[in-house]
Amino acid sequence: MSRPSPRGVLLQILLLCLLFPALIYPLYMLLVRSVSDAEGNFVGAANFLEYLHSPGLFSSFVHSLTISTTVTALVVPAAFLLAYGLTHTRFSGRRICGLLVLLPLFVPSLLPAIGFVYLFGAQGIARFLLCGQELYGPLGIVLGNAVFTLPHATLLLLTSLRSVDSRLYMASACLGAGPWRKFTTVTLPNARYGIINASFVVFTLSITDFGVPKVLGGDYSVLSTEIFSQVIGQQNFTMGALISLVLMAPTVLTLTLDAWARRAHARLRVQNARPVSDVEQKSSPLFGVVCWGILLLPMASIAVVVFASFTAFWPYDMTLVPDNYFFEEAGYSLSSLGTSVAMALCVAVFGTALLYTGAYLVERGQIPAALKRLYRLLLLLPLSLPGLVLGLAYIFAFNSGPFSFLYDSFAILVINTIVHFSTVAHLTCVSALAKVDDNYEKAGRSMGVPAWKTALRVVVPQCRLPLSDVFFYLFINAMTTVSSMAFLCGGKYTVAAISIVNMYDSGYLGSAAAMNTLVLAVTAGAGVLHVLYKKIVSR
Amino acid sequence: MKLRVFGAMLLSLLLYVDTASAKTELLVYTAVEPNYLNLYKKGFESAYPDISITWVRDSTGVITARLLAEKDAPKADAVFGLAASSLLLLQKEGLLLPYKPEGYDKLSPRMRDNAAEPVWVAMNAWTSGMAINKPEMEKLGLPHPKSWADLADPRYKGLIAMPDPASSGTGYMNLAAWIQVMGEEKGWAYADALMANVKLLSHSGSKPGTMAAQGEIAIGIGSPAFMKPLLKRRAPIDIVFMEDGLGWEAEATAIIKTTDKADAARKLMDWTCSEAVGKIAADFSGLAGRPEFTTPESKKAEELMIDNDLQWAAENRDRLLKEWRNRYAR
Amino acid sequence: MAFLEIEQLGMCYGASRVLRNVSFSVDEGELIAILGPSGCGKTTLLNAVSGIAYPSEGKITLSGRDITALPPEKRRFGVVFQGYALFPNLTVEKNVAYGLASWDARKRADRVREMLELVGLADFCGRYPNQLSGGQQQRVALARALAPEPHILLLDEPFSALDASIRQQLAEELRRLQRQIGITTIMVTHDQQEAMSMADRIVIMKDGRIAQTGTPAEIYEAPADRFVASFIGRMNFLSFSFMEGREYGIRGEDIVVTEATELVLGQPHTWTAQIMDVCYLGAVVRMDLLLQDYSTRLWAEMPASAAAKFKKGGIVAVHLPQNKWRSWNGD
């Protein structure tokens with residue numbers, strides 16, 4: 001490794017310093033709170049013991065595990081069927097199907113949940129489908145979580161199935177293998193890590209989500225609603241902090257297991273795998289039915305919300321009126337949408353810039369290996385941090401103390417959201433940089449141009465497409481995140497997702513549906529812009 | 001060049017600095033209903049044009065939690081329209097500044113802190129009540145319940161939604177009311193009977209009412225004050241006050257001790273006792289701080305209001321909630 | 001009757017036509033090389049023969065049986081793909097045994113061992129593909145393809161991923177193996193050296209069509225058109241005024257270079273030329289010559305001993321024997 005570049009080292013240290021108030025300090029404060037009592041005295045494990053012994057509190061942990069494993073068991077096979085159908089077969093409307101799969105990513109996790117109320121609630125238009133089961137409670141949470149985790153799992157499995165080399169199928173065909181044998185000897189083994197990874201992702205997303213249990217949970221408590229109830233309902237911050245740490249245990253575990261599985265899978269990775277091309281896919285109307293069938297539930301739950309946003313008072317007055325879009329009566333206004341958009345833009349711009357710089361420095365910068373390792377390690381952390389926990393930690397960290405100028409500021413919303421979604425963004429930047437020839441900087445230096453200039457002029461433009469993906473990812477998630485905003489909002493700034501929660505809680509269901517539709521309009525618009533940008537750039 | 005301009009714009013967005021103005025600025029936390037907040041806001045601004053208020057509005061639970069989280073370094077100057085029992089919690093932490101506002105004497109005794117150095121005054125009170133969904137009850141062929149005792153009748157099994165005392169102020173208000181009126185033994189026995197009929201406990205106080213309005217549940221226990229907007233939107237519900245006694249809560253105002261704008265905050269307290277507020281209160285729940293503004297329809301509710309010792313309710317909260325958890329944790 | 005007959009095969013991908021009118025036959029035990037530049041359709045042809053791709057027109061017959069519509073699973077052709085396509089999650093042993101699923105277990109084990117010994121990898125049974133070098137992977141792929149006793153062996157650019165040094169060695173090994181087993185083989189390649197050294201007959205393709213079919217000698221000596229002429233070996237192209245607008249070609253080794261004496265220059269088709277460059281290639285020397293018209297550039301090839309007396313910049317006599325001129329009809 002050549003001499004460390006002073007500019008690079010300085011920049012790297014700066015980024016690490018930024019991570020201190022953004023990540024480490026809040027977590028530390030959370031930890032402190034969980035082992036203190038209400039007055040701030042250290043009580044060690046007393047809070048934890050109290051937690052284990054109160055039946056009501058501990059049951060939320062059991063509930064969370066039950067729900068999340070159920071959701072995983074349902075979603076991963078469904079996502080596999082979808083991904084398999086989309087990559088290995090042909091059926092009518094396949095491309096549209098592939099696009100629609102992603103739709104729940106564009107809305108807060110609440111939107112389909114509210115849709116379920118319209119579909120399966122006591123006045124639901126399809127409630128007979130539940131066969132007398134109660135929507136509010138574990139069933140509702142499972143359905144809601146299933147809908148919003150399905151696209152994540154499908155995307156992961158799509159990538160995994162696409163990386164199966166089609167020549168393996170050809171080889172097995174020439175060796176006499178029938179369709180079932182091809183599936184078990186080629187498809188499944190190569191998709192194994194994808195399935196494991198998707199399972200962990202679904203489990204983590206499901207156990208950390210707050211929006212769905214809030215709407216459909218009834219009084220079936222799960223860890224996220226329990227945290228909220230302790231902090232907001234009973235103003236018991238220490239218990240809230242403790243339960244937050246309990247929530248982190250399964251997420252850290254799944255992250256570790258996932259990393260281990262990825263290493264085990266590495267030997268299977270094929271260079272230059274040729275994905276199954278259009279011509280090789282078999283036409284399969286059966287898969288068409290299966291895939292569209294799976295999509296029916298998410299699509300219906302979103303469509304019904306958009307429709308209901310225009311009704312006067314569901315279900316008793318179904319005349320179509322635009323009244324719900326005037327939010328003053330519900331206590332909010334379009335300004336919360338504006339705040340969301342402003343915040344999302346800031347998150348996307350600053351997040352992309354900072355995270356790309358960080359990724360560049362650790363992948364290609366001339367910086368001591370120890371600093372690089374530290375940065376990489378720190379950036380893995382946010383993936384196992386539920387948004388709710390991060391928000392709570394921020395409250396503890398920033399109310400008083402050295403960083404209190406950030407409290408209740410716009411900046412804290414932006415910082416929190418960037419940190420919350422930083423891991424995936426960082427990894428995307430890393431893989432993008434890996435594809436860029438690493439000789440550019442060397443070539444530039446031999447011509448007298450410093451490495452950082454070459455980086456800006458040559459490397460960054462090479463990464464235009466993945467950078468726009470990162471930008472888009474940050475924007476969409478900032479627009480739709482609920483959990484990380486739950487504790488941070490309510491002061492001077494409120495984002496659209498939280499206004500939806502509050503309006504729903506206060507009974508303004510129509511207004512909540514309307515705001516949801518507006519958020520969808522914004523994110524869909526951003527999606528269109530993103531696709532257009534990619535088309536123009538790749539020409 | 002373009003990058004720099006763009007960057008500057010975003011930076012200013014990020015650092016969002018308030019510009020100083022000639023007016024005195026107050027940061028006031030409030031839990032009043034959003035639609036009423038506008039009325040209060042306009043009313044105060046027209047009465048005191050030289051004071052500008054930044055309102056931070058959220059539900060009772062959130063605002064209380066916020067104030068307690070900030071107790072080492074409070075940000076608010078005053079609290080307006082927060083449940084009196086929450087104010088008592090704050091007082092226990094020593095966060096409130098005593099002040100006897102103008103018009104204190106015009107308030108009815110239940111609607112103010114009766115200590116020698118009072119810390120809070122109330123604008124209105126709101127009571128328990130229930131929203132009954134007419135079409136659903138008709139489908140079930142059941143008569144509408146009229147009292148707490150009725151609600152414990154097994155024929156209403158699975159038809160009731162109620163706020164959870166553990167996470168909602170309204171819910172706790174009910175629990176405290178039963179224990180105060182019926183005593184510990186009978187009070188818990190009643191809770192057992194009622195909980196057998198309850199299908200759902202909600203985190204928020206207003207949710208059962210709105211669920212009843214939407215037809216998601218047949219009977220929603222809450223507060224009639226929050227159910228009125230539902231009637232305005234033509235929900236097919238009947239709003240009923242329980243005949244055998246109503247728990248109640250007062251919406252009150254107080255000054256935070258650490259404020260450096262005490263004078264302006266005091267004016268807010270004064271205004272709380274004014275006629276303007278009384279009129280708004282009448283519209284909200286019909287039970288105003290100043291008795292002359294209490295509406296005739298609400299006189300009946302007023303009579304049904306129990307002797308609610310807010311101090312007692314605040315002091316016994318932890319104990320009662322622990323018992324609640326042990327009995328009904330699901 | 002030939003063992004394998006390809007008749008009028010045609011293939012379209014969407015709007016573009018990838019193969020047109022391809023016909024040739026393969027005798028049992030022959031090694032045929034399908035040779036051509038990238039994009040000429042040779043891999044597509046191989047896919048059609050193996051059954052992976054279904055042709056739009058034409059017929060494929062094996063021993064008289066029409067197998068055009070038969071799926072690859074039923075054809076029993078052994079295929080070695082570009083990149084080898086070894087199953088990464090299976091050991092070498094399991095890879096080779098893959099096509100033997102319907103065999104009796106004992107017979108299967110014996111056959112696997114036999115195949116691995118044949119390719120010289122008997123000790124590698126328990127390894128995984130990613131633990132093998134390129135050459136070893138290729139041999140496993142071969143063993144796998146041959147294990148189920150296929151009718152025909154198909155190879156798609158088998159050596160393209162390997163270093164030059166192993167390439168030659170493996171090519172010789174493969175040729176030896178093929179002769180030893182006597183299996184009919186079709187090999188696709190873009191490397192004419194490989195084709196020339198290994199094949200019994202060569203099929204040259206360009207733009208989806210067959211340009212010429214024949215033994216290596218036939219193709220080298222009598223190229224059917226300009227394309228084949230320049231593709232196989234190297235060719236000088238001549239068009240002098242006296243050739244009436246026609247173009248001829250002459251191989252570098254057929255050009256006679258001698259001292260420029262009056263006697264020599266008096267002969268027909270002999271001109272003076274200046275030596276522009278001399279390349280010493282070991283056994284032969286290649287000479288870059290500019291003819292006296294100052295425009296025609298030729299290169300000549302001769303044994304190093306014959307070139308010893310010539311130096312760069314020198315003037316020589318260049319004789320182009322007419323009987324060595326090649327021509328072809330049309331373009």
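All chains are named by letter (A, B, ...) in the order of the sequence lines, taking the proteins before the strands, and each is independently numbered beginning at 1.
More than 12 heavy atoms of other residues, nucleotides or ligands lie within 6.0 Å of CG in B:Asp72, so this atom counts as buried by the packing criterion. Crowding of B:Lys41 atom NZ: a count of heavy atoms from other residues, nucleotides or ligands under 6.0 Å not exceeding 12.
A salt bridge does not link A:Glu50 with B:Arg325: every distance from a Lys NZ or Arg NE/NH1/NH2 to an Asp or Glu carboxylate oxygen is 4.0 Å or more.
In this structure, OG1 on B:Thr210 lies 7.5 Å from OH on A:Tyr504, to the nearest 0.5 angstrom. We find the CG-CD distance between A:Leu509 and B:Glu216 to be 8.0 Å, quoted to the nearest 0.5 Å. Of the inter-residue distances, the one linking B:Arg57 atom CZ with A:Thr494 atom OG1 reads 10.0 Å to the nearest 0.5 angstrom.
Counting heavy atoms from C-beta outward, A:Tyr136 and B:Lys199 have side chains that stay 4.5 Å or more apart. Contact of the A:Tyr493 side chain with the B:Val56 side chain is not registered, since no non-hydrogen atoms from C-beta on lie closer than 4.5 Å.
With a 4.5 angstrom heavy-atom cutoff, B:Leu37 does not touch chain A via any of its atoms. Looking at B:Ala161, there are no atoms closer than 4.5 Å to chain A (heavy atoms on both sides), in backbone or side chain. Using a 4.5 Å cut-off between heavy atoms, B:Leu27 makes no contact with chain A at all. For B:Pro135, the part lying under 4.5 angstrom from a heavy atom of chain A is the side chain only. Interface remark: B:Ser202 contributes no atoms to any contact with chain A (heavy atom separation under 4.5 Å).
Of all heavy-atom pairs between A:Tyr316 and B:Ala213, the closest is CE1-O, 3.2 Å. Closest non-hydrogen pair, A:Val231 versus B:Ala65, comes out as O-CB, 3.3 Å.
By number of non-hydrogen pairs under 4.5 angstrom with chain A, the leading residue of B:Lys75, B:Lys322, B:Met211 is B:Lys75. Chosen from A:Trp314, A:Phe228, A:Tyr508, A:Phe396, the residue pairing most often with chain B at heavy-atom distances under 4.5 Å is A:Tyr508.
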